[in-house]
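Numbering of ligands and ligand atoms starts at 1, following listing order.
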Amino acid sequence: MKKEKKITASYEVYDSVSELAKDDQTLMAKAKEAISRAYAPYSNFHVGAAVLLANGEIVTGNNQENAAYPSGMCAERVAIWSATAQYPDTRVLKIAIAVHSAIKTIDKPVAPCGACRQTLLEYEKKQKEAIEIYFTGEVGNIIKAHSLEDLLPFSFDQSYL
Ligand code: THU
């Protein structure tokens, strides 16, 4: 018999960074600071990400482009892999993402791409604890999602292997 099911996820919307808890403001500030070190001469879309670990370390990353376009990498994966490469056994608590476009003002929150969600979700499943995610545009709202699972339901994971 057919069963109708629903996927639901809640998330929070903040009007400005000042509404976030102090530690989250710091994390977002680190993500914004990381934008300035992005290498994005082809898209002119600069992304910064900051990962907070359970040991208190904040590891940042940014997008790194390449003349052979697919060889470039998103900020979120640069940040998470940098964090897990240095601290493989430390829990990942949160990631904040910020952007700057040299072409137009980004007036809505920029969600991570599908490949970055899949990558981040891997570590959430590995540690069996949610990773909070904060993302924003250049102006306007900030979104806080409670977990990667919320952003990527029906994901492929190790249970299939
Ligand atoms: N980009 C990121 O860094 N993160 C995302 O989630 C989406 C896109 C980068 C990749 C590329 O350097 C530029 O933004 C335009 O796609």
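The closest protein non-hydrogen atom to atom 4 (N) of ligand 1 is E76 OE1, 2.8 Å. Protein heavy atom in closest approach to atom 9 (C) of ligand 1: N63 ND2, 3.6 Å. The closest protein non-hydrogen atom to atom 1 (N) of ligand 1 is C74 SG, 3.6 Å. When only non-hydrogen protein atoms are considered, atom 12 (O) of ligand 1 lies nearest to E65 OE2, 2.5 Å. Of all protein heavy atoms, the one closest to atom 3 (O) of ligand 1 is A75 N, 2.9 Å. Closest protein heavy atom to atom 14 (O) of ligand 1: F45 CD2, 3.4 Å.
For E122, the CD atom counts as loosely surrounded, since its 6.0 Å shell holds 12 or fewer non-hydrogen atoms of other residues, nucleotides or ligands. Crowding of K144 atom NZ: a count of heavy atoms from other residues, nucleotides or ligands under 6.0 Å exceeding 12.
There is a side-chain donor-acceptor pair under 3.5 Å between S159 and D157. Inspection of the D24 and Y134 side chains reveals an N or O donor paired with an N or O acceptor under 3.5 Å.
Every atom of ligand 1 with a heavy atom of S43 under 4.0 Å away is listed here by number and element: 13 (C), 15 (C).
Minimum heavy-atom separation, E65 to P41: OE1-N, 3.6 Å.
Considering backbone and side-chain atoms alike, P112 places every N or O at 3.5 Å or more from each N or O of ligand 1.
A salt bridge links E4 to K2: at least one charged side-chain nitrogen sits closer than 4.0 Å to a carboxylate oxygen.
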